[in-house]
Amino acid sequence: MRRSEALGIKWDIIDFEQKTISVNHVVTDAYIDSHIVRVIKDKTNTKFSTRTLPLVSPFESALLKLKEQQKKDMRLCGKSYSKDYLEYINRDSIGELMKPGLLSQHFKIIIKKHGLKDIRFHDLKHSCASLLYANEVDLKAIQEWPGHSNITTTPTPIHILTSVKKCNLLTPL
């Protein structure tokens, strides 16, 4: 998932009953006249970027905990809590929308803390494709997962296998 898509997730597009999460909003920053301007759109950049993904158990649990934490933060802050972005999941402890740069910063901190290879947040899309391929998901489904417009955008099986082997993700039978 792109950073802008992750920041654009709203509570109402998560279906806890059907176990799905839709990608159809984006939040990003743009530089206009030497100023950073928040850009919030109720559509993704392309029609292929708009998609519905399965809500896997670890994410479902994390999202439910986050929802409870946000309720606590709101009670604690009272009238000081920003009500402008209540529909978004990625808010800080005072209710403000998370800044895109902050997500990237914290991602780098987590990578370093755990001694992982230094990658960009965006590279997670390719890691996801590699893991899906290693688990024998068909290429068409792998193309749709990250929201690629066609199969040529998705890493080829050779690239995927190379990265999977480098990470020791395949185990002998």
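Values below: all heavy atoms of this structure, side chains included; hydrogens, waters and symmetry mates excluded.
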**Asked** Does one hydrophobic cluster hold both W11 and I13, with members joined at side-chain heavy-atom distances below 4.5 Å?
**Response** yes

**Item:** K72 atom NZ, neighbour heavy-atom count above 12 within 6.0 Å
**Value:** no

**Prompt:** Within the side chain of R91, is there an N or O that forms a donor-acceptor pair under 3.5 Å with the backbone of L86?
**Reply:** yes

**Prompt:** If two hydrophobic side chains count as joined below 4.5 Å and joins carry through other members, does M98 share a cluster with I40?
**Reply:** yes

**Request:** For the pair K65 and E68, find out whether any cationic side-chain nitrogen is under 4.0 Å from an anionic carboxylate oxygen.
**Result:** no

**Prompt:** Are I9 and F16 co-members of a hydrophobic cluster defined by side-chain heavy atoms under 4.5 Å apart?
**Reply:** yes

**Prompt:** At their closest point, which heavy atom of C77 faces which heavy atom of S93, and how far apart are they?
**Reply:** SG-O, 3.6 Å

**Request:** Answer whether the closest heavy-atom distance between the side chains of L63 and I89 falls below 4.5 Å.
**Result:** yes

**Prompt:** More than 12 heavy atoms of other residues, nucleotides or ligands under 6.0 Å from CZ of F59: is that the case?
**Reply:** no

**Item:** Nearest-0.5 Å distance, CG of residue D42 to CG of residue N24
**Value:** 8.0 Å

**Prompt:** Any side-chain heavy-atom pair from D12 and E87 closer than 4.5 angstrom?
**Reply:** no

**Complete:** d(D92 CG, Q70 CD) to nearest 0.5 Å is 9.5 Å

**Complete:** side-chain hydrogen bond (donor to acceptor under 3.5 Å, both in side chains) filter on T20, not counting sequence neighbours, yields none

**Prompt:** More than 12 heavy atoms of other residues, nucleotides or ligands under 6.0 Å from NZ of K10: is that the case?
**Reply:** yes

**Request:** Please identify each residue that fulfils salt bridge (charged side-chain N to carboxylate O under 4.0 Å, His left out) with K19, with sequence neighbours left out.
**Result:** E60

**Item:** Among T52, D15, L53, side chain to side chain contact (heavy atoms under 4.5 Å, CB included) partner for I21
**Value:** L53

**Request:** Answer whether the closest heavy-atom distance between the side chains of K41 and T28 falls below 4.5 Å.
**Result:** no

**Request:** Please check if L55 and L66 belong to a single hydrophobic cluster, counting links between Ile, Leu, Val, Met, Phe, Trp and Tyr side chain heavy atoms closer than 4.5 Å.
**Result:** yes

**Request:** Scan for ring pair (Phe, Tyr, Trp, His ring centres under 6.0 Å) pairs involving residues 79-110, sequence neighbours excluded, and state none if there are none.
**Result:** F107-F121

**Prompt:** How far does CG of L7 sit from CD of E5, to the nearest 0.5 angstrom?
**Reply:** 10.5 Å

**Request:** Flag the pair N90 / L103 as yes when at least one side-chain heavy-atom distance between them is below 4.5 Å, and no otherwise.
**Result:** no

**Request:** Determine, using the 4.5 Å side-chain heavy-atom cutoff (strictly less than), whether I111 and L102 are members of one ILVMFWY cluster.
**Result:** yes

**Where K83 and G78 come nearest, the two heavy atoms and their spacing** = NZ-O, 3.5 Å

**Prompt:** Can you name the side-chain hydrogen bond (donor to acceptor under 3.5 Å, both in side chains) partners of K67, sequence neighbours left out?
**Reply:** none

**N-O pairing of D118 and K112 below 4.0 Å** = no

**Request:** Can you sort out the partners of R120 under side chain to side chain contact (heavy atoms under 4.5 Å, CB included), two or more places apart, ordered by chain and number?
**Result:** H122, D123

**Item:** Residue pair G8 / H25: nearest heavy atoms and the distance that separates them
**Value:** O-CB, 3.1 Å

**Asked** Of all heavy-atom pairs between P100 and R3, which one has the smallest distance, and what is that distance?
**Response** O-NH1, 3.2 Å

**Asked** If you link I, L, V, M, F, W and Y whenever their side-chain heavy atoms are under 4.5 Å apart, who else ends up in the same group as V37?
**Response** I32

**Message:** Just verifying a value: how many Å separate I94 CD1 and S82 OG, rounded to the nearest 0.5 Å?
**Reply:** 7.5 Å

